Amino acid sequence: MTIDDQIALLKRGTTEIISEADLAEKLKLGRPLRVKLGVDPTAKDVTLGWAVVLRKLRQFQDLGHTACLIIGDFTAQIGDPSGKSKTRRQLSREEVQANVDAVKEKVFRILDPAKTEIFFNKDWLGAMTFEDVIRLCSRYTVARILERDDFTNRLAEQKPIAMHEILYPLCQGMDSVEIVADVEIGGNDQKFNNLVGRTLMSQYGQEPQVVLLCPLLVGTDGKEKMSQSLGNYISIDDAPNDMFGKTMSIPDELIENWFELCTDVPMDEVREMLAEGRNPRDAKMRLGRELVGLYHSPEAATAAQDYFVETFSRRSQPVDAEDAVIPSALVIEGEVSLAALIAALEMAESNGKAKALIKQGAVSLDGEKVEDQSARFGVDELEGKILRVGKHRFRRLVLG
RNA sequence: GGGGAGAUGCCCGAGUGGCCAAUGGGAACAGACUGUAAAUCUGUCGGCGAGAGCCUUCGCAGGUUCGAAUCCUGCUCUCCCCA
């Protein structure tokens with residue numbers, strides 16, 4: 001593969017490469033490049049949004065390069081101010097560790113473990129003395145740090161900026177220095193941090209890293225960036241039916257972008273699917289199949305689509321549903337309150353919410369709508385029936 | 001160090017002694033319509049309870065009062081101006 005071909009491949013789904021010429025130079029070296037991606041273990045799932053940069057990293061691996069994955073176990077305790085208009089809560093060591101454990105395995109469903117080095121930035125950042133920190137701080141100016149959008153905005157909005165937050169970019173930059181990165185991949189919101197890395201590297205006598213930025217994947221709500229705290233995400237371990245269903249619920253405007261960032265389908269093909277006169281729904285179905293195929297299997301993809309069409313498009317009873325045991329504690333004289341059951345199965349947040357849902361006609365048993373918010377049913381009557389709450393929540397009731 | 005402003009439900013933001021579980025907007029959820037899209041209309045939106053109703057919320061801790069988100073005291077935190 002020529003350098004140009006490689007660049008063309010790597011360029012898909014990026015907003016900016018700083019700079020392309022430097023990247024070409026690096027690629028010409030003919031040695032495996034050290035490609036850095038820093039992640040803060042602030043959550044337990046790998047979302048499609050995160051998968052965007054992981055997949056980019058994987059592309060580098062496929063071209064023979066080394067992925068340097070930096071687990072920000074130190075920086076997670078500061079919290080990246082990126083895009084946030086408020087100070088982030090600091091995580092405890094225990095929380096960070098639990099997240100790292102949960103996420104590690106999932107990451108390797110995208111990355112090639114044989115070409116991955118994992119680092120924990122507490123190893124070097126945690127070892128710095130206060131004196132080291134001060135020396136580091138002296139290399140950067142307050143004015144330059146405050147150039148960051150979110151700092152500027154918070155300042156303008158008279159919102160607090162804590163001292164430790166302005167050190168975040170420096171920490172991340174030190175990571176690049178420490179591992180001598182050739183390239184750093186990041187979401188668009190990381191631009192500032194990544195550029196600080198370049199500055200620090202040259203101050204430490206290193207060749208500055210190339211920065212490759214990917215757009216932030218918009219979440220299923222079509223508005224905010226996909227994030228676990230906002231709940232607008234698809235996890236790479238969502239069950240096939242969920243993954244497909246959630247994909248179908250994204251706004252049409254997102255289809256093209258999701259294809260570009262989350263799949264390998266050639267963009268010509270995508271644009272053809274979305275051409276004037278074609279039903280965007282079909283493109284979305286294809287997107288759903290691609291995603292399920294990527295993280296499960298082609299067979300699962302077909303099955304998920306069939307399930308979707310059967311259950312939602314044709315509005316018939318779901319062919320299958322997760323089993324849910326009727327908690328024996330709820331059974332009084334052989335009967336169960338439906339609202340209490342819905343709450344206990346976490347299909348609604350509380351008893352009161354469950355009742356409200358019933359009243360609104362959102363609850364049905366085997367397709368039969370239940371309207372009485374204080375309805376009680378005999379356990380034997382419920383067994384084997386499919387309880388549906390709202391559009392997407394189903395459980396098959398079984399006895400314990 | 002001095003002076004001033006402020007902390008309300010998921011978010012923003014009204015509310016200055018009883019009519020406040022707390023106006024309004026946004027978000028979210030549900031129903032209708034659909035392609036589990038968008039737009040639109042309708043409803044719900046602290047917890048428990050079949051219901052009457054009960055309980056817990058307005059930064060934290062005390063106090064005044066028959067009664068406090070609203071008044072007083074102390075504390076914590078934030079912002080602005082001056083030094």
Side-chain angles (χ1 to χ4, degrees), chain A residues 83-87 89-90 151 153-163 165 218-225 227-234 238-259 273-274 277-289 291-292 304-318 321 330 332-333 335-344 346-364 369-377 387-394:
Chain A
K84 299 279 169 188
S85 51
K86 59 169 83 163
T87 305
R89 186 176 73 86
Q90 294 190 33
F151 288 150
N153 292 341
R154 278 203 260 168
L155 226 36
E157 288 165 31
Q158 310 195 334
K159 287 190 174 145
I161 298 170
M163 291 291 290
E165 293 183 85
V218 176
T220 51
D221 58 359
K223 292 172 200 148
E224 306 284 342
K225 89 169 205 194
S227 95
Q228 287 171 68
S229 49
L230 292 173
N232 60 353
Y233 71 102
I234 295 180
D238 276 350
N241 289 346
D242 284 345
M243 195 180 273
F244 193 92
K246 284 187 194 173
T247 304
M248 289 307 286
S249 78
I250 67 170
D252 289 355
E253 302 77 69
L254 254 48
I255 300 175
E256 180 171 342
N257 187 243
W258 275 42
F259 265 112
M273 280 187 264
L274 291 168
R278 305 281 299 267
N279 190 339
R281 182 200 51 197
D282 298 327
K284 223 194 271 185
M285 290 236 194
R286 168 76 189 278
L287 177 63
R289 287 202 306 276
L291 292 174
V292 177
Q305 175 165 335
D306 290 347
Y307 173 86
F308 177 85
V309 170
E310 189 59 31
T311 309
F312 297 103
S313 302
R314 300 223 182 101
R315 290 169 187 252
S316 42
Q317 263 314 291
L330 293 180
I332 299 162
E333 293 174 7
E335 288 193 330
V336 192
S337 146
L338 186 60
L341 179 64
I342 290 169
E346 295 182 336
M347 295 172 83
E349 283 168 56
S350 67
N351 213 325
K353 295 261 165 73
K355 282 182 198 167
L357 287 168
I358 295 175
K359 203 160 38 173
Q360 290 177 94
V363 175
S364 66
K369 206 174 264 191
V370 180
E371 317 250 21
D372 175 8
Q373 57 167 321
S374 48
R376 306 182 66 80
F377 289 91
L387 172 62
R388 177 175 190 157
V389 177
K391 271 183 223 157
H392 353 104
R393 281 157 279 167
F394 303 99

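Everything quoted here is computed from the prediction, not taken from an experiment.
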- prompt: What's the CG-P distance between A:Leu330 and B:C48, to the nearest Å?
  reply: 13 Å
Nucleotide paired to B:U78 in any strand shown, Watson-Crick or G-U, under 3.5 Å: B:A5
- request: Remember a base hit wins even if backbone is also touched, and classify A:Leu254 as base, sugar-phosphate or nothing at under 4.0 Å, heavy atoms.
  value: nothing
Please produce a list of atom pairs where a protein N or O lies less than 3.5 Å from an N or O of nucleotides 38-44 of chain B.
residue : atom : partner  : partner atom : Å
B:G43   : N2   : A:Gln360 : OE1          : 2.7
B:G43   : N3   : A:Gln360 : OE1          : 3.0

- request: Using both distances under 3.5 Å as the test, list the Watson-Crick or G-U wobble partner of B:G35, or none.
  value: none
query: Hey, is the side chain of A:Ser350 poking within less than 4.0 Å of OP1 or OP2 on B:C48, counting only N and O atoms?
result: yes
query: Want to settle it: does A:Gly352 or A:Leu357 sit nearer the 5' end of RNA chain B, counting the closest nucleotide to each?
result: A:Leu357
task: Return no unless some side-chain N or O of A:Asn351 is found under 4.0 Å from OP1 or OP2 of B:G47.
output: no
field: Residue-phosphate contact under 4.0 Å: A:Arg393 side-chain N/O, B:A30 OP1/OP2
entry: yes
query: What string of B, S and - do you get for nucleotides 76-83 of chain B 5' to 3' if you count protein non-hydrogen atoms under 4.0 Å?
result: --SSS---
- prompt: Using a cut-off of less than 4.0 Å, is there contact between a side-chain N or O of A:Lys369 and OP1 or OP2 of B:G31?
  reply: no
message: Walk along nucleotides 51-59 of chain B from 5' to 3' and tag each nucleotide B, S or - by protein heavy-atom contact under 4.0 Å, base first, then sugar-phosphate.
response: ---------
message: Using Watson-Crick or G-U wobble geometry with both distances under 3.5 Å, which nucleotide pairs with B:G18?
response: B:C66
- prompt: NA contact type, A:Gly245, heavy-atom cut-off 4.0 Å: base, sugar-phosphate, or nothing?
  reply: base
